[in-house]
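Here the structure is a predicted model, which is why all the values come from computation and not from measurement. Here is the naming used below: chain letters follow the sequence lines, and residue numbers restart at 1 for every chain.
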There are 2 protein chains.
Amino acid sequence: MNDEPQTPPSRSADRVYDQVKAMAVTYRLRPGERVNEVELARSLGVSRTPLREALNRLAAEGFLIATVNRGYSVRPLDPKRVLTLYEYRAMLEVGALRLACERASDEALDALAAFAARSRDEPDDDEHALELLTLDEQFHESLARLSDNEEMVRSLRSLNERVRFIRWIDMRKGRRSSTQDEHLMILRHLRARDADAAAALMQTHIARRLDQITDMIRAGFAEIYTGNALAAKAMGEVA
Amino acid sequence: MNDEPQTPPSRSADRVYDQVKAMAVTYRLRPGERVNEVELARSLGVSRTPLREALNRLAAEGFLIATVNRGYSVRPLDPKRVLTLYEYRAMLEVGALRLACERASDEALDALAAFAARSRDEPDDDEHALELLTLDEQFHESLARLSDNEEMVRSLRSLNERVRFIRWIDMRKGRRSSTQDEHLMILRHLRARDADAAAALMQTHIARRLDQITDMIRAGFAEIYTGNALAAKAMGEVA
DNA sequence: GGACGCAGATGTGAATACACTTCTAGCAAG
DNA sequence: CTTGCTAGAAGTGTATTCACATCTGCGTCC
């Protein structure tokens, strides 16, 4: 189970990258907060050099902001930006979907449908929001992979990570019931090679909660400054 | 004019980032070639530390590939990937365009049209391919900005940089005549708030040369290994 | 004669050391 | 009491040094 003995992953920078990303994504590092390099490095058990490499990559990917002579800070939780990311994600997924509709084999679509059907059996309570979110991301990412466009998949993965916290907040409100059914419906349209129908459904599937983003962010702030169960869980996984 | 005295841009890492990116984009560093850090650092007049930060960012953005214990190498010039990037770019621009159609003011569209009309006066010979390409990128980026979605603009910029070399090759074949007219036509559709027409035109505008990518890459290799005027020009700008 | 193996060289990954900028606290002048 | 100035502290940016992995070439063993 533990693969550490055979994989001493030569680069501590990569490990640190994952760890810090998890911290930023779950807002264990608080939005707007400035990162103290020596302190964080010490707490992660490495020197500043690999930490700075990780911070650099995270800044390049939009998780952090770099300011000259003032180091790095976590990107503030800004409604406008979250909206922007949601919008981008919707467009990207619809675009990938249209490509997938032309390119995906019937077998691949069936396999994904099987996965989606299996996901339906997961419990739907507040406790399992993270697992549900993970399943949802996996579904969407697998679907995007059927577009056979690696760069789109890459972008989608990055986008998903950046809005994960907000989506987790959203998931906990038990909105999921309809989600899984829509997944299956999208696949049915794809199977029928009806790109327009699939695209339209995907668009509403993603954009549905756009107008509630401000509320979700409000709830997000509450979570961040009063507990943050997501950060706790993520830490358990990574560290 | 020269702002160097008042702006000694505290971070040599940023300068190095721009320089190395220019090298990678123009394939002054050859595709597949492994980057020797000490050598490159010396030739840029800095130590390995800021250079490595630059390389990190470039790898995160997809310009370079990082391999464990073997450092960085320039991403090879792969037809499949270029096609992927073109495809992504087409989708992204069409998506941004649809948003712009809803959101852009008449004034903004007119201003952009004026810019496009002005660009028409540029000479069209082989020598000015780089300027033409720059103007084209500016047009498309300005258009994307009208979507009011910062993340899309960011992605588009990155995509443009990654395919710049190939597009430059393409530009030198004097394909431009129709380009400018199509730009104006797209704007006219937007002005009439006809998103579908604009989107369709944009799609063909970008995807037109997709089937010729293999040829362009062949020409690209020839350029890289026999002269590479683009690298020479870019060096003049940056260094 | 070929394959394996073993230094030495080369080059990357990480840690430490140093320089310089920004922030802070305290004092002095108005 | 407020404002401005000035060391000192704190923290980032860069250089240097050390550690370790990979590559190369030559010699030896089979």
Side-chain angles (χ1 to χ4, degrees), chain A residues 3-21 23-24 29-61 63-76 238-239, chain B residues 3-21 23-24 29-61 63-76 238-239:
Chain A
D3 56 359
E4 280 213 359
Q6 61 187 358
T7 310
S10 257
R11 284 205 300 193
S12 64
D14 290 343
R15 235 188 2 193
V16 170
Y17 169 81
D18 287 332
Q19 294 182 114
V20 178
K21 181 153 81 175
M23 289 186 193
L29 292 171
R30 301 200 167 143
E33 181 173 303
R34 196 167 149 189
V35 175
N36 186 325
E37 296 178 5
V38 291
E39 185 186 346
L40 184 54
R42 219 169 32 95
S43 85
L44 294 176
V46 295
S47 86
R48 279 177 59 215
T49 309
L51 171 61
R52 276 181 65 89
E53 297 209 348
L55 294 174
N56 247 299
R57 285 158 66 182
L58 291 169
E61 292 168 0
F63 293 99
L64 300 177
I65 295 180
T67 319
V68 226
N69 278 320
R70 300 190 57 178
Y72 299 86
S73 51
V74 179
R75 200 173 268 265
V238 173
Chain B
D3 57 357
E4 280 214 358
Q6 62 188 1
T7 310
S10 256
R11 285 207 299 194
S12 63
D14 290 343
R15 239 189 2 205
V16 170
Y17 168 80
D18 288 332
Q19 293 183 113
V20 178
K21 180 152 81 174
M23 289 186 193
L29 293 171
R30 302 205 166 136
E33 181 174 301
R34 196 168 149 189
V35 175
N36 186 325
E37 295 179 4
V38 290
E39 185 186 348
L40 185 53
R42 221 168 32 96
S43 85
L44 293 176
V46 295
S47 87
R48 278 178 60 215
T49 311
L51 172 61
R52 277 180 65 88
E53 298 210 347
L55 294 175
N56 246 295
R57 284 158 67 181
L58 291 169
E61 291 169 359
F63 293 99
L64 300 177
I65 295 179
T67 320
V68 234
N69 279 319
R70 299 189 60 178
Y72 299 86
S73 50
V74 178
R75 199 171 267 260
V238 173

side-chain contact (heavy atoms from CB on, under 4.5 Å) between B:Leu44 and B:Val20, worked out | CA-CA 9 Å; B:Leu44 293 176; B:Val20 178; 3.9 Å; yes
Step-by-step side-chain contact (heavy atoms from CB on, under 4.5 Å) determination, A:Tyr72 to A:Glu37 = CA-CA 9 Å; A:Tyr72 299 86; A:Glu37 296 178 5; 3.9 Å; yes
Let me see the working for A:Arg52 and B:Thr49 under side-chain contact (heavy atoms from CB on, under 4.5 Å), right down to the final yes or no.
-> CA-CA 10 Å; A:Arg52 276 181 65 89; B:Thr49 311; 5.9 Å; no
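Look at CG on A:Asp14: it is 13 Å from C1' on C:dA14, rounded to the nearest Å. Taking atom CG of residue B:Asn56 and atom C1' of nucleotide D:dG13, one finds them 15 Å apart after rounding to whole Å. Look at CD on B:Glu53: it is 8 Å from C1' on D:dG13, rounded to the nearest Å. Remark: P of C:dA15 and CZ of B:Arg52 are 12 Å apart, rounded to the nearest angstrom. Protein atom CD of B:Glu37 is 16 Å distant from nucleotide atom P of D:dT14, rounded to whole Å. In this structure, A:Arg15 atom CZ and C:dA14 atom C1' are separated by 11 Å, rounded to whole Å. Straight-line distance from the CZ atom of B:Arg48 to the C1' atom of C:dA14: 10 Å, rounded to whole Å. One interatomic measurement links the two molecules: CG of B:Leu40 to C1' of C:dG11, which rounds to 14 Å at whole-angstrom precision.
For A:Ser12 against C:dA14, no side-chain N or O and base N or O form a donor-acceptor pair under 3.5 Å. Checked by distance alone, B:Thr49 brings a side-chain donor or acceptor within 3.5 Å of a matching partner on the base of D:dA15.
The CG atom of B:Leu51 sits 12.5 Å away from atom CZ of B:Arg42, with the distance rounded to the nearest 0.5 Å.
Contact between the side-chain N/O atoms of A:Arg70 and the OP1/OP2 oxygens of D:dG13 is not found at any separation under 4.0 Å.
Within 4.0 Å (heavy atoms only), B:Val16 reaches no atom of the nucleic acid at all.
Projected onto DNA chain D by closest heavy-atom contact, B:Arg34 and A:Asn36 fall at different nucleotides, the more 5' of which corresponds to A:Asn36. Nearest-nucleotide positions on DNA chain C place A:Val46 closer to the 5' end than the other of A:Asn69 and A:Val46.
With A:Arg34 contributing its side chain and A:Arg70 its backbone, the two residues share a donor-acceptor pair below 3.5 Å.
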